[in-house]
Amino acid sequence: MAKQRSPPPSHLLLLLLLLVTCPYPPHVRANCNFQGRSDDRRRNSKVKGMFVFGSSLVDNGNNNFLDNMAKANYSPYGIDFPLGPSGRFTNGRNVVDLLGEYLALPSLIPPFNDPSTKGLKVVHGVDFASGGSGILDDTGSIVGQVTSLSQQIRNFEGSTLPELEAQVGCRSGELLPDNYVFLVGAGSNDYTYNYYLSANANLTLQSFTANLISSLSLQLQKLHGLGGRKFVLMGINPIGCSPSAKARVLTRIGCVQVLNRAVRLFNVELKSLVDDLNAKLPDSRFVVVNSYKIVRDIIKNPASKGFNDSTTPCCEVLSFAEGGNGVLCKTGGRACANRSSHVFFDGLHPTEAVNVQIATKAFLSARRTEVYPINVKRLAEA
């Protein structure tokens, strides 16, 4: 008579059941499902999308849905953009759009605050940036309701990331490292709308900048903790050379050096932060784009870069005396005909032609003085 086998212990039965019904641990899926969500050109590409954080230079329209004075959802903004005025602070595409094209992303990055940014729309990235905002939570209150960098990251963590995981079918630890670029462009408003206000008169520029970089470091590490591994950090442009900055001083000859000195200090510390984070987080790659140098080179010798006006805004900007703020285009106002030859579209923000130069250098340049330590193309391929 054959010996009857004893049934396996209950814990082994449970393990077998889990292996049959879920071949991977519940917190990890073997493959993220991007099929059907991109065209044939994209299916073999590593980078599937981009998440964007920062202020007006990278805002794709979030401020359209906020109660503030920092909006660009009216003509002549977007005069060269296929969708017309969209909330982008330029005449056409911004750096986010152009880098998205270089990365061959299948669609424009939608703004988080748009109620339609949900479901499949989040799969190729979301833009959280808010014009007028800064690295510090209290920056930008002078212009009204803005979304600080910390809140932008909370929006990503609490709303977009769970939706993305549900759409693609895997958790952030597997989903984000290879498939997404995290672009962060913030800091200029922390000087213009924070430090240079009277409330900060007791702080030295060095101590304020150190605090700014320390705060940014924590925010970047937060994004790393959520799964981000490929980071593009935008340096601050030479804001002292903007028409709005020069209009505030007695002479309009040359740039406002007090602003540019602050920006240069920040950018030097930002490069050091990239070195520190690349050493501290060896599973990640941090890249910094020296947009200060790229734009300053154009302003110093505009003709050599194809520009003929580096001092005046292309659109009609109202001064304080005229009831404006010296920065934004007049609603329905005039715009110059030769926009591709102007450096500034309004009193602060560059034209699409300048954004093309910045994005091209960021993606392709081999000069570490322009993008450091590697360019965005190499970052995307890593």
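Note that the coordinates shown come from a computational prediction; the quantities given were computed from them, not determined experimentally. These numbers come from the heavy atoms of this one structure, side chains and all, not from hydrogens, waters or symmetry mates.
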Do Q219 and S215 get their side chains close enough for a donor-acceptor pair, meaning under 3.5 Å? no

Quick check, are the ring centers of Y195 and F266 under 6.0 angstrom apart? no

Ignoring hydrogens and angles, tell me if any N or O in the side chain of E165 forms a donor-acceptor pair with the backbone of R171 under 3.5 Å. no

Are R339 and I79 packed together at the side-chain level, in the sense that at least one heavy-atom pair is separated by less than 4.5 angstrom? yes

Taking 4.0 angstrom as the limit, do D114 and K121 come out as a salt bridge? no

Going by heavy atoms in the side chains, are M69 and N325 under 4.5 Å from each other? no

Does Y77 have its ring centroid less than 6.0 Å away from the ring centroid of F345? yes

What pairs with Y191 under ring-ring contact (aromatic ring centres under 6.0 Å, His included), at least two apart in sequence or on another chain? F208

Side chain proximity check, V95 to V289, heavy atoms < 4.5 angstrom: no

List the steps, then state whether salt bridge (charged side-chain N to carboxylate O under 4.0 Å, His left out) holds for K222 with E157. CA-CA 10 Å; K222 172 69 173 178; E157 179 182 18; 3.3 Å; yes

Assess, by modelled atom type and distance only, whether the side chains of E322 and S319 contain a donor and an acceptor separated by less than 3.5 Å. yes

Answer yes or no: is there a donor N or O on one side and an acceptor on the other, between the side chain of S188 and the main chain of I236, under 3.5 Å? no

If I take atom CG from residue L197 and atom OG from residue S141, how far apart are they, to the nearest 0.5 angstrom? 8.0 Å

Checking side-chain polar atoms at under 3.5 Å, does H224 have a donor or acceptor matched by the opposite partner on S284? yes

Is any side-chain heavy atom of V126 closer than 4.5 Å to a side-chain heavy atom of E163? no

I need the full list of disulfide bond (SG atoms under 2.5 Å apart) pairs touching residues 328-382, with sequence neighbours left out, sorted by first then second residue. C314-C336, C315-C329

Mind jotting down which residue pairs meet the side-chain hydrogen bond (donor to acceptor under 3.5 Å, both in side chains) criterion with at least one end in residues 231-240? Sequence neighbours excluded, please. N237-S291

In chain order, what residues pass the salt bridge (charged side-chain N to carboxylate O under 4.0 Å, His left out) check against E381, with sequence neighbours excluded? K377

Please work out whether the ring planes of F156 and F182 are parallel, tilted or perpendicular, with thresholds of 30° and 60°. perpendicular

Please enumerate all residues that pass side-chain hydrogen bond (donor to acceptor under 3.5 Å, both in side chains) together with E352, with sequence neighbours excluded. R93

Check whether any side-chain N or O of D190 sits under 3.5 Å from a backbone N or O of L136 as a donor-acceptor pair, and report yes or no. yes

Table please: side-chain donor-acceptor pairs of residues 53-60 below 3.5 Å, with sequence neighbours left out.
residue	atom	partner	partner atom	Å
S56	OG	H349	NE2	2.8
D59	OD1	G61	N	2.7
D59	OD1	N62	N	2.7
D59	OD2	G131	N	3.0
N60	OD1	N94	ND2	2.8
N60	ND2	I109	O	2.9

Taking side-chain hydrogen bond (donor to acceptor under 3.5 Å, both in side chains) as the test, write out the residues that go with S340, two or more places apart. none

Would you call T117 and T160 a side-chain contact if the rule is heavy atoms closer than 4.5 Å? no

Residue R154 excluded, over 12 heavy atoms near CZ under 6.0 Å: yes

Listing request: all disulfide bond (SG atoms under 2.5 Å apart) pairs with a residue in residues 50-92, at least two apart in sequence or in separate chains. none

Sequence neighbours left out, what passes side-chain hydrogen bond (donor to acceptor under 3.5 Å, both in side chains) with D275? Give chain and number order. Y372

Mind checking salt bridge (charged side-chain N to carboxylate O under 4.0 Å, His left out) for D283 and listing every partner two or more places apart, or none if nothing turns up? R229

Can you confirm whether L281 is buried at CG, in the sense that more than 12 heavy atoms of other residues, nucleotides or ligands lie under 6.0 Å from that atom? yes

Treating S207 as the side-chain partner and L203 as the backbone partner, does any N or O pair qualify as donor plus acceptor under 3.5 Å? no

Not counting sequence neighbours, which residues clear salt bridge (charged side-chain N to carboxylate O under 4.0 Å, His left out) with R334? List them please. E316

Go through the structure and list residues passing salt bridge (charged side-chain N to carboxylate O under 4.0 Å, His left out) with R296, not counting sequence neighbours. none

Is there a side-chain contact between T147 and S133 (heavy atoms, below 4.5 Å)? no

Side chain to side chain, F81 and T90, heavy atoms closer than 4.5 Å: no

When you compare the side chain of Y102 with that of L364, does any pair of heavy atoms fall below 4.5 Å? yes

